[in-house]
Amino acid sequence: MGIIEQLHQMKGQALERISAAQDLSGLDATRVEFLGKKGSLTSILRGLGSLPADERPMVGKVSNEVRVELESAIDTRREELRTMELEAKVASDAVDVTLPGRVRMPGREHLIERITREVVEIFVGLGYRVAEGPEVELAYYNFTALNTPEAHPARSASDTFYVRDLSSAEVSATGESDVLLRTHTSPAQVRVMEAQKPPIYIVVPGKVYRPDAPDPSHLPQFTQVEGLVVDEGITFADLKGTLEHFCHEMFGYDRKTRIRPHFFPFTEPSAEVDVSCGICAGAGCRFCGNTGWLEILGCGMVDPNVFGYAGVDTERYTGFAFGMGVERIAALKYGLPDLRMLVEGDMRFLRQF
Amino acid sequence: MRVSMKWLQELTDVSVTVPELVDRLDMTGTAVEAVHTLGEGLEGVVVGQVVSKEAHPEADKLWVTKVDVGDGEPLQIVCGAQNFEAGDKVPVALVGTTLPGGLTIKKAKLRGVESFGMNCSAAELGAGSDHQGLQILPQDAPVGMAYAEYAGSSDTVLELEITPNRPDCLSMSGVAREVAAVLGTTYELPGGAPAEAGEPADALAMVEIEDATLCPRYTARLIRGVRIGPSPDWLAERVTAAGARSINNVVDITNFVMFEMGQPLHAFDASTLATTDGRAHIIVRTAREGEKLTTLDGMERPLASDTLLICDPDGPVALAGVMGGEHTEVSEKTVDILLESAAFHPASVSRTSRSLSLISEASTRFERGVDPNGCVAAADRAAQLMADLCDGTVAPGVIDVYPTPVEPVRLTLRLATIAKVLGVEIAPDEAAGILERLGMTVENAAAVLEVSVPTYRPDITREIDLVEEVLRVWGMERVASTLPGGRQRIGGLDSSQRWRERIGAAMRACGLNETMTYAFGDAADIERLGMEFAPGEALVELLDPMSTEQSVLRRTLLPGLLRSVSYNQRRGVRDIHLYEMGTAFVTGEGRKMPKERKMLCGVLAGRWYPAAWHDAEGAGRHGANGSSDALRGPEINFFDGKGVIEALVVEVGASRFKVRDADIAWLQPGRRAEVLLGGDVVGWLGEVHPRVLGAFDADPSVVAFELAVDALVRAATPVRPYVDVPRYPAVEFDVALVVEEAVTVERVLDAVRSAGGKLLDDVRLFDVYRGTGVAEGRKSLAFALTYRAPDRTLTDEEVRPQHERLLRKVASAVGAELRGAE
């Protein structure tokens with residue numbers, strides 16, 4: 001058999017083997033077997049020296065064509081095998097994608113802190129700053145400077161926690177005290193007005209205290225957000241617009257609001273703001289006591305007497321103030337059945353929000 | 001305040017439906033808390049007569065009654081009321097009736113005796129607040145008649161919330177005036193002087209006021225020859241609708257006039273009052289040392305020295321404005337009445353009624369303020385009724401002690417003030433019309449109104465009060481909303497507030513859940529912890545705590561959080577990750593107000609996450625003992641707490657973070673440390689001592705920390721300057737150093753860093769090993785050392801001599817020997 005025939009025969013065998021290769025290492029072995037330094041092609045070409053000189057170019061040409069063809073076939077097969085291997089690997093890597101993800105869950109914000117932050121953010125968006133005040137207050141700031149009469153029942157020990165005054169041994173021994181746990185965040189109003197000239201645009205979030213035995217709707221410690229605006233040209237219309245905006249941001253633009261007159265010692269005129277009931281959309285149901293409305297906050301124009309205590313010029317400035325209970329909003333917005341859950345620290349409760 | 005619509009219609013023309021009226025009242029400042037329809041739900045209630053009343057054989061306080069309901073055989077009904085006798089007529093709810101309160105009457109056995117119905121109180125019928133006893137009906141009530149028909153009680157009653165500034169609305173007249181003002185209609189109030197005859201009043205009685213501040217006015221009328229008896233139906237119905245119980249004609253008249261005009265009255269049996277010179281002598285004064293009074297509820301009450309009393313020359317006869325005395329009470333035998341119509345100081349009545357827990361319709365009105373100028377009209381009205389209904393003769397004249405008459409307040413209302421405060425323009429005649437409808441007199445209805453305010457409106461003393469009146473009747477809903485202009489306003493959080501938000505966010509990112517505990521604490525908590533005070537320091541003590549567990553303000557947040565740990569553990573929740581940012585309080589001798597410090601406190605217990613399917617990956621499909629526990633992450637310990645603080649330090653960019661062993665009584669020795677930032681102690685960290693956990697009923701182990709938030713904020717770095725990101729590869733060498741147990745990692749690291757030279761970029765501890773190959777009492781610490789140059793690629797050959805020099809230095813500094821370097 002001539003060399004050329006041998007080459008063609010070898011090519012045929014090689015192509016068969018290449019297409020039969022089942023993996024990359026088998027293919028590589030085939031390549032070495034036929035095209036390697038000690039492979040079939042080399043050993044066939046060893047017979048080249050015995051050929052007449054005029055046949056050699058022909059053989060050279062054919063052997064080159066065979067090499068190129070085999071290499072191309074190997075490349076093609078290699079690509080095929082690579083694709084197959086990748087597909088096989090991908091197929092074997094498939095998982096049940098409904099298995100839970102792998103994470104250490106971050107902790108959650110407390111519901112009350114979360115609502116407080118939301119309230120504060122709404123007012124910060126309206127250009128307010130955040131003020132804070134002490135939780136242990138003087139009766140002067142908590143009551144007197146807020147126009148609460150000396151004999152007002154809210155000042156009694158049944159409505160206010162007083163703490164022992166240690167300013168002197170004599171005072172301490174009597175147990176008489178004008179130091180108390182603030183019953184609302186309003187004293188911060190007076191402190192801010194004393195410390196700062198108008199314009200004042202502030203909200204005051206914070207804890208407040210009243211001697212109510214804990215039950216589903218009362219805690220002796222709860223949270224308020226107070227607001228105060230003092231500037232030139234502030235009107236009741238501004239108060240109304242501000243609180244309508246707040247209620248819409250907090251409860252949704254589909255809810256209606258209404259403002260009705262009320263009474264507080266530190267504002268005049270005073271009012272309360274209601275939001276239409278989210279359960280019955282104002283038709284009246286058990287949740288809203290058949291009124292269609294839920295009371296959300298108290299407000300009013302700052303009473304001139306309060307400005308008097310704080311030293312604000314009432315001819316130049318007017319202002320408004322408002323206050324709301326965060327626990328009440330939590331109960332209304334999240335359907336909380338029992339406020340005591342808020343202070344128990346139950347992980348199963350805290351992780352819900 | 002309960003308002004009968006029937007009654008209201010007599011005083012003013014209510015031209016709108018009840019729902020419309022409710023809405024108008026709500027929107028003008030008189031909130032309607034409830035609307036009751038009387039007669040509704042009373043279909044099965046009939047007039048009955050108690051035929052017999054016998055003691056229940058098995059129960060002290062129950063009676064077995066036979067009640068005739070006009071249906072043949074009397075019904076046997078077991079009854080717990082004490083205020084009735086055989087022969088009385090009472091409302092009876094038959095079996096099957098559902099009362100307004102929702103109670104359905106069923107055939108029942110009470111302590112073994114069968115009962116076929118219920119004898120009712122006024123409250124049970126939705127007709128008042130009186131649930132002390134049965135509603136006793138007049139003797140002429142026809143047995144068997146439907147109660148609703150008999151009582152004519154198809155009435156609607158509004159329950160109004162009267163704010164403290166509106167004492168005038170604690171009367172039907174005041175409500176009628178208010179309703180007429182908001183509806184724009186008119187009202188007509190009853191009045192007129194009674195016919196008088198006989199000896200003049202001041203020949204029969206005299207009045208003396210010791211302190212006119214506490215009693216600005218005291219008027220008295222004498223009505224002689226009255227016949228005490230039941231009230232006519234219309235009167236009983238009125239006082240019942242208003243929420244009182246019908247007693248007898250004289251008492252009902254005083255209550256009726258109180259509800260009608262807002263002036264509480266008291267009727268004394270004139271014959272029981274001690275006299276001076278033959279005249280009944282009333283003295284209004286405060287209590288004297290040791291005085292006592294038996295009030296008409298039969299209680300003997302010791303009197304505090306500031307209690308205002310009505311006395312006769314022999315001593316107290318009534319608690320002024322609160323309750324009458326038993327001895328001078330009107331009884332069936334009473335013939336002559338001394339009728340008191342007075343004004344008392346609100347605070348004085350408030351103090352007395354609260355300290356004795358005697359809150360009545362009368363005390364509520366005095367506490368809010370009764371108009372002294374209304375005393376005589378009320379006395380006249382009641383005297384006239386006593387003449388008409390009790391056959392009394394009204395003695396001529398009113399005894400009237402009124403040293404300083406109260407004058408109407410005169411005010412100026414500028415229309416410009418309305419515009420300035422409200423942001424709306426209201427026309428002068430519109431504003432004047434509103435004020436006039438509210439009973440004020442207005443002159444000069446132009447840009448400035450001159451207003452005279454009647455004395456029944458003590459809340460109106462300033463221009464701003466008039467602005468409010470105009471606004472609320474004109475309509476808050478008509479004010480067009482705006483937002484403040486506020487050119488100079490700048491919103492936002494301050495730096496400390498922003499850092500606090502970031503600290504909270506870092507805690508949550510570490511897996512801790514925010515919580516909130518009470519600021520109150522138990523004084524014994526401090527002993528439970530073993531916490532000590534600096535000299536002169538003290539807990540903030542509540543003067544009137546609700547319980548010993550909440551008798552002081554917390555000095556630290558830890559006890560509250562340990563209680564939450566226990567709360568969770570007792571409910572089977574073992575994995576606990578909580579933090580709170582809240583105030584801690586401490587005071588001291590000479591301090592009026594305590595120091596308040598914001599603290600960040602955290603507690604960790606159990607593990608970080610529950611057993612999960614992927615725990616098995618790389619850990620074998622089952623744990624060593626096959627329990628699911630072994631599949632979970634490690635038990636939380638000291639280093640989980642420390643890791644949280646390390647993350648926090650990175651978040652706030654604080655420098656020089658360090659912990660060091662310290663004697664912290666509530667933490668377990670050997671697993672506790674102070675936390676330092678920039679050289680200052682800012683808090684503590686550790687595993688809570690098992691002794692302390694026991695005291696708080698919590699199970700070991702619990703890791704806790706508490707840091708001062710202000711100190712964290714001070715240590716925070718707002719801007720961290722840029723440092724080049726490495727551009728050239730590093731050379732890493734691992735090294736294991738065997739040291740004495742007592743040598744801390746911190747010491748070794750310090751030694752490595754100080755010996756490191758410029759090329760040492762990073763040192764990381766990756767293993768701590770004790771056991772085979774390491775001598776007893778020693779440990780092997782494996783570190784990865786990274787060498788890097790900022791400007792070129794380092795080679796092993798360049799680094800190795802430096803590395804070896806470093807090892808020699810460290811070995812000699814901390815007594816370490818190398819264990820299989822690299």
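Computed from a predicted model, the values in this text were never measured in an experiment. Quick note on labels: first sequence line is chain A, next is B, and so on, each numbered from 1.
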Requested in this report: For each of Thr163(B), Asp544(B), Val421(B), Thr417(B), tally heavy-atom pairs with chain A at distances under 4.5 Å, and name the one with the top tally.
Outcome: Val421(B)
Query raised in the report: At a heavy-atom separation under 4.5 Å, does Gln488(B) approach chain A through its side chain, its backbone, both, or neither?
Result: both
Report summary line: Looking only at Ala419(B), Gly423(B), Ala34(B), most heavy-atom pairs under 4.5 Å shared with chain A are made by Gly423(B)
Query - Criterion salt bridge (charged side-chain N to carboxylate O under 4.0 Å, His left out) on Arg563(B) and Glu344(A), from CA distance to verdict - result: CA-CA 8 Å; Arg563(B) 288 196 174 89; Glu344(A) 282 162 352; over 6 Å; no
Query - Interface moiety of Glu501(B) toward chain A, non-hydrogen atoms closer than 4.5 Å - result: side chain
Report task. Counting only heavy atoms closer than 4.5 Å, note whether Asn568(B) contacts chain A via side chain, backbone, both or neither. Result -> side chain
Requested in this report: Is it possible for you to check whether Arg478(B) lies under 6.0 Å from the centre of the six-membered ring of Trp474(B), through NZ or CZ, and within 45° of that ring's axis?
Outcome: yes
Report task. Would you mind telling me which of Gly345(A), Gly241(A), Ser167(A) has the largest number of heavy-atom pairs within less than 4.5 Å of chain B? Result -> Ser167(A)
Query raised in the report: Does a side chain donor of either Thr517(B) or Glu580(B) reach within less than 3.5 Å of an acceptor in the other side chain?
Result: yes
Query raised in the report: Which one, Pro220(A), Gly233(A), Ala157(A), Ser168(A), leads in non-hydrogen pairs under 4.5 Å with chain B?
Result: Pro220(A)
Report task. May I ask you to name which of Val130(A), Ile234(A), Leu243(A) has the most heavy-atom pairs under 4.5 Å with chain B? Result -> Val130(A)
Report summary line: In terms of heavy-atom pairs under 4.5 Å with chain B, the winner among Leu180(A), Val179(A), Thr318(A) is Val179(A)
Query raised in the report: Can you tell me how far the CZ atom of Arg607(B) sits from the NE2 atom of His577(B), to the nearest 0.5 Å?
Result: 10.5 Å
**Report entry** Heavy-atom side-chain proximity of Phe264(A) to His262(A) below 4.5 angstrom
**Finding:** yes
Report task. Scan side-chain atoms only and decide if Tyr518(B) and Arg554(B) contain a donor-acceptor pair under the 3.5 Å cut-off. Result -> no
Report task. Name the region of Arg462(B), side chain, backbone, both or neither, that has any atom closer than 4.5 Å to a heavy atom of chain A. Result -> side chain
Query raised in the report: What residue, out of Arg117(A), Arg114(A), Glu272(A), Arg258(A), has the most heavy-atom pairs lying under 4.5 Å from chain B?
Result: Arg258(A)
Query raised in the report: Quick one: what part of Met301(A) sits under 4.5 Å from any heavy atom of chain B, side chain, backbone, both or neither?
Result: side chain
**Report entry** Selection from Gly486(B), Gly475(B), Ala509(B), Ala31(B) maximising heavy-atom pairs under 4.5 Å formed with chain A
**Finding:** Gly486(B)
**Report entry** Under 4.5 Å from a heavy atom of chain A, the part of Val573(B) involved
**Finding:** side chain
**Report entry** Side chain / backbone / both / neither for Val540(B) at chain A, heavy atoms under 4.5 Å
**Finding:** side chain
Query raised in the report: Checking heavy atoms, do the side chain of Asp23(B), its backbone, both or neither come under 4.5 Å from chain A?
Result: side chain
Requested in this report: State whether a side-chain donor-acceptor pair under 3.5 Å links Thr583(B) with Glu596(B).
Outcome: no
Query raised in the report: What part of Ala538(B) gets closer than 4.5 Å to chain A, counting heavy atoms only: side chain, backbone, both or neither?
Result: side chain
**Report entry** Top contributor to chain B interface from Gly300(A), Ser158(A), Pro304(A), Ala151(A) [non-hydrogen pairs under 4.5 Å]
**Finding:** Pro304(A)
Query raised in the report: Who wins among Asp26(B), Thr515(B), Leu471(B), Leu422(B) for the most heavy-atom pairs under 4.5 Å with chain A?
Result: Leu422(B)
Query raised in the report: Hey, would you say the Tyr209(A) and Phe520(B) ring centroids sit under 6.0 Å apart?
Result: yes
Query raised in the report: Which answer fits Arg591(B), side chain, backbone, both or neither, if we ask what part of it has an atom under 4.5 Å from a heavy atom of chain A?
Result: backbone
Requested in this report: Decide whether a cation-pi geometry holds between Arg489(B) and Tyr201(A); the criteria are a distance under 6.0 Å from NZ or CZ to the six-membered ring centre and an angle within 45° of the ring axis.
Outcome: yes
Query raised in the report: Which bit of Leu561(B) comes within less than 4.5 Å of chain A, counting heavy atoms only: side chain, backbone, both or neither?
Result: neither
Query raised in the report: With a 4.5 angstrom heavy-atom cut-off, which part of Glu161(B) approaches chain A: side chain, backbone, both or neither?
Result: side chain
Query raised in the report: Which one of Gly511(B), Ala347(B), Ser547(B), Gly582(B) has the most heavy-atom pairs closer than 4.5 Å to chain A?
Result: Gly511(B)
Report summary line: Bottom line for Leu512(B): the part with an atom under 4.5 Å from chain A's heavy atoms is backbone
Requested in this report: Carefully, step by step, assess Trp608(B) and Asp575(B) under the rule side chain to side chain donor-acceptor pair (under 3.5 Å).
Outcome: CA-CA 7 Å; Trp608(B) 278 111; Asp575(B) 298 344; over 6 Å; no
Query raised in the report: With only heavy atoms counted, which part of Asn305(A) is less than 4.5 Å from chain B, the side chain, the backbone, both or neither?
Result: both
Query raised in the report: Does a donor on one side chain and an acceptor on the other come within less than 3.5 Å for Glu541(B) and Ser551(B)?
Result: no
Requested in this report: Taking the six-membered ring of Tyr567(B) (Phe, Tyr or Trp), confirm whether the NZ or CZ of Arg571(B) is under 6.0 Å from its centre and within 45° of its axis.
Outcome: yes
Query raised in the report: What part of Ala480(B) gets closer than 4.5 Å to chain A, counting heavy atoms only: side chain, backbone, both or neither?
Result: backbone
Query - Heavy-atom check, side chain of Leu543(B) versus side chain of Val163(A), under 4.5 Å - result: no
**Report entry** Largest heavy-atom contact set with chain A, pairs under 4.5 Å, which of Thr28(B), Val467(B), Val565(B), Asp494(B)
**Finding:** Thr28(B)
Query - Test item: Lys598(B) and Arg500(B) side chains (from C-beta on) under 4.5 Å apart, heavy atoms - result: yes
Query raised in the report: Taking the six-membered ring of Phe161(A) as reference, does the NZ or CZ atom of Arg210(A) fall below 6.0 Å from its centre and within a 45° cone about the axis?
Result: no
Query - Salt-bridge contact Arg191(A)-Glu137(A) (side-chain N to carboxylate O under 4.0 Å) - result: yes
Report summary line: The interface call for Gln550(B) against chain A, heavy-atom contacts under 4.5 Å, is side chain
